[in-house]
Amino acid sequence: MRIIRYLNSSEKKVLAAITVENRVYDLPYHDFLELVRAAEEKKVQPVTLVEQVIEQSLPLSDSPEKLKVLVPVEAPEVWASGVTYEKSKEARNYESTNGEDDAKSFYDKVYTADRPELFFKSTADRTIGPGDPVYLRSDSEWQIPEPELGLVLDSEGNILGFTAGNDMSCRDIEGENPLYLPQAKIWRHSCVIGPAIRLVETVKDPYDFQITCRIFRNEQNVFEGSASVGQLKRRLEELTSYLVKENVVFPGTILLTGTCIVPPNDFTLLEGDYIEIEIPGIGVLSNPVLSQVTQSIGSQRV
Ligand code: DO4
Ligand code: MG
């Protein structure tokens, strides 16, 4: 059972819905946060309200594939964790030294430090959902998707649900100087969230989530990698507890938990590529890749 948001084009309304296998049931809420608030008021878990809807209503005639599925929660802020998997530490060491320096790096140190690396990734205006194009930066020649498990949080940092995310990254900009991190990570359409939210109470063990990333070019699969959240160096609560420390956290904030899949060092995304990030139980997050230059021709901001 997964919570989505979709555009009901006949009624020109955005609605929240539940998908169970291939069936979709409208929820009487605009979004996931409204469902959570309703459950709080009734002093039940959100899953109880969702189960009532499934029992009492008929599924829509459309299957999830036919709906225009949107970002599942308009997160006011998206934060991200860094170097939480060995694979990410190795990739960062390579891009910052060209594989030449074997002295202990910032990345080696942060991997084992008590304090995790957390950074600001995105706002609602920069974040896109399933099917929307991710944009490439014109000042980077080494760009990759970072497939990550996302945690949907309340204002105290409690995990309300799980989603999938893509923390698009410019390896050359970050590799040149770690102080360039915000530029290597934040730009228009550089953060993808979706396609759905799994309620926390329906997940037995989040460390069992498997993540697969596939990249297609001219309809050929040019990269595929898989990993398990079980390989995460830290506990999820360790990451959330540092995020809330002395901070203001808005309900619906998303914390990405770091990448465990990195394409080979000679790989960069190109315009026309297609990215798929799959987390069974959450869904497949698919996005085409476009350059911002193409988007600004005709001067329309997209
Ligand atoms: O250290 C920079 C970013 C790391 C990151 O985004 C990740 O490990 O996923
Ligand atoms: Mg990342």
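Note that these values count all heavy atoms, side chains included, but never hydrogens, waters or copies made by symmetry. Along the sequence shown, residues are numbered consecutively beginning with 1.
Rounding to the nearest 0.5 angstrom, the gap separating the CG atom in Leu255 from the CH2 atom in Trp79 is 9.5 Å. Summarising the geometry, atom CD1 belonging to Ile186 is positioned 7.0 Å from atom OG belonging to Ser190; distances are rounded to the nearest 0.5 Å. Leu151 contributes atom CG, which lies 11.5 Å from atom CD1 of Ile197 (distance to the nearest 0.5 angstrom). Rounded to the nearest 0.5 Å, atoms CG (Asn247) and CD (Glu77) are 7.5 Å apart. Ile173 CD1 to Glu141 CD: the interatomic distance, rounded to the nearest 0.5 Å, is 10.0 Å. To the nearest 0.5 angstrom, Ser57 atom OG is 8.5 Å from Leu27 atom CG.
By the 6.0 Å and 45° rule, Arg92 does not stack over the aromatic ring of Phe106. Under the 6.0 Å distance and 45° angle rule, Lys233 counts as a cation-pi partner of Tyr111. Judged by the 6.0 Å distance and 45° axis criteria, Lys245 is positioned over the aromatic ring of Tyr242. For Lys121 and Trp187, the positive end sits near the middle of the six-membered ring, less than 6.0 Å away and at most 45° from its axis.
Closest approach of Leu243 and Val249 over heavy atoms only: O-CG2, 4.1 Å. Across all non-hydrogen atoms, the minimal contact from Tyr29 to Ala38 is CE2-CB, 3.5 Å. Across all non-hydrogen atoms, the minimal contact from Pro72 to Arg5 is O-CD, 3.3 Å. Here the closest heavy-atom approach between residue Leu70 and residue Tyr6 is recorded as CD1-C, 4.0 Å. Contact detail for Ala164 and Ile279: the closest heavy-atom pair is CB-CD1, 3.7 Å. Residue Thr212 comes nearest to Ser226 through the heavy atom pair OG1-OG, 2.9 Å, listed as atom of the first residue, atom of the second, then distance.
Side-chain contact between Ser88 and Glu86 is absent, with no heavy-atom pair separated by less than 4.5 Å. Using a 4.5 Å heavy-atom threshold, the side chains of Thr48 and Gln52 count as touching. Side-chain contact between Thr84 and Thr257 is absent, with no heavy atoms from C-beta onward closer than 4.5 Å. Proximity of Leu60 to Tyr25: side-chain heavy atoms (C-beta onward) are nowhere separated by under 4.5 Å. Residues Asn287 and Val134 have side chains in contact (heavy-atom distance under 4.5 Å, counting atoms from C-beta outward). Counting only heavy atoms from C-beta outward, the side chains of Glu276 and Ser286 approach each other to under 4.5 Å. Between Pro251 and Ser155, the closest side-chain pair of non-hydrogen atoms falls below 4.5 Å. Between Pro178 and Tyr107 there is a side-chain heavy-atom pair separated by less than 4.5 Å.
Residue Ile144 is tested with Pro263, Cys170, Pro264, Cys213 for a side chain to side chain contact (heavy atoms under 4.5 Å, CB included); the sole match is Pro263.
Without hydrogens or angle criteria, Glu201 side chain to Val47 main chain gives a donor-acceptor distance under 3.5 Å. Remark: the backbone N or O of Arg171 is not paired with any side-chain donor or acceptor of Glu174 at under 3.5 angstrom. Side chain of Gln143 to backbone of Arg137: a donor-acceptor contact under 3.5 angstrom is found. Proximity of a side-chain donor or acceptor of Ser228 to a complementary backbone N or O of Gln210 within less than 3.5 Å is not detected. The backbone N or O of Asp125 sits nowhere less than 3.5 Å from a side-chain atom of Arg188 that would complete a donor-acceptor pair. A donor-acceptor pair under 3.5 Å links the side-chain atoms of Thr202 to the main chain of Leu199, judged by distance alone. Looking at Asp167, its side chain never comes within 3.5 Å of a backbone N or O of Glu148 through a donor-acceptor pair. For Asp273 (side chain) and Leu269 (main-chain N/O), no donor-acceptor pair under 3.5 Å exists by modelled atom type. His189 places no side-chain N or O within donor-acceptor distance of the main-chain N or O of Arg126, the cut-off being under 3.5 Å. With hydrogens and angles disregarded, a donor-acceptor distance shorter than 3.5 Å links the side chain of Thr163 to the backbone of Ala196.
Counting heavy atoms of neighbouring residues, nucleotides and ligands inside a 6.0 Å radius, atom CG of Asp205 exceeds 12 of them. Atom CD of Glu74 has 12 or fewer neighbouring heavy atoms from other residues, nucleotides or ligands inside a 6.0 Å radius. Within a 6.0 Å sphere centred on OH of Tyr180, heavy atoms belonging to other residues, nucleotides or ligands number 12 at most. The number of heavy-atom neighbours closer than 6.0 Å to NZ of Lys66, taken from other residues, nucleotides and ligands shown, is 12 or below. Within a 6.0 Å sphere centred on CD of Gln220, other residues, nucleotides and ligands contribute 12 heavy atoms or fewer. Atom CG of Asp114 sits in a sparse spot, with 12 or fewer heavy atoms from other residues, nucleotides or ligands closer than 6.0 Å.
Taking hydrophobic clusters as Ile, Leu, Val, Met, Phe, Trp and Tyr residues chained together by side-chain heavy-atom distances below 4.5 Å, Val44 shares a cluster with Phe32. Tracing side-chain contacts under 4.5 Å through hydrophobic residues (I, L, V, M, F, W, Y), one never reaches Val203 starting from Met1; they form parts of separate clusters. Val71 and Val284 sit in two unconnected hydrophobic clusters of ILVMFWY residues. Membership requires side-chain heavy atoms under 4.5 Å apart, directly or through other members. Residues Ile3 and Leu49 fall within the same hydrophobic cluster, defined by Ile, Leu, Val, Met, Phe, Trp and Tyr side chains chained together at heavy-atom separations under 4.5 Å. Cluster membership check: Leu239 does not share its hydrophobic cluster with Ile254, using side-chain heavy-atom separations under 4.5 Å among Ile, Leu, Val, Met, Phe, Trp and Tyr.
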Open item on the list: side-chain contact (heavy atoms from CB on, under 4.5 Å) for Ile193 and Leu256? Distances and angles first, verdict last.
Closed with: CA-CA 10 Å; Ile193 299 294; Leu256 299 175; 4.0 Å; yes
Task: Intermediate values then yes/no, side-chain contact (heavy atoms from CB on, under 4.5 Å), Leu270 and Val289 - done: CA-CA 7 Å; Leu270 297 178; Val289 179; over 6 Å; no
- [ ] Output, in order, the C-alpha distance, side-chain angles, deciding distance and verdict of side-chain contact (heavy atoms from CB on, under 4.5 Å) for Tyr207 and Leu236.
- [x] CA-CA 9 Å; Tyr207 300 95; Leu236 298 174; 3.6 Å; yes
TODO: Let me see the working for Leu149 and Phe162 under side-chain contact (heavy atoms from CB on, under 4.5 Å), right down to the final yes or no.
DONE: CA-CA 7 Å; Leu149 178 70; Phe162 298 97; 4.0 Å; yes
- [ ] Apply the test side chain to side chain donor-acceptor pair (under 3.5 Å) to residues Glu146 and Ser169: give CA-CA distance (whole Å), side-chain angles for both, the deciding distance (0.1 Å), then the verdict.
- [x] CA-CA 7 Å; Glu146 291 193 356; Ser169 295; 3.2 Å; yes
Open item on the list: Please determine whether side chain to side chain donor-acceptor pair (under 3.5 Å) holds for the pair Tyr274 and Asn221, giving the CA-CA distance in whole Å, both sets of side-chain angles, and the decisive distance to 0.1 Å.
Closed with: CA-CA 9 Å; Tyr274 200 81; Asn221 182 337; over 6 Å; no
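A donor-acceptor contact closer than 3.5 angstrom is absent between the side chains of Glu90 and Asn93. When only modelled atom types and interatomic distance are considered, Thr19 and Arg2 share a side-chain donor-acceptor pair under 3.5 Å. Using a 3.5 Å distance cut-off with no hydrogens or angles, the side chains of Thr127 and Ser122 do pair a donor with an acceptor.
Of the charged side-chain nitrogens involved, at least one lies within less than 4.0 Å of a carboxylate oxygen, so that Asp132 and Lys68 count as a salt-bridged pair.
Ring geometry, Phe223 versus Phe267: the interplanar angle falls from 30° to 60°, so the pair is classed tilted.
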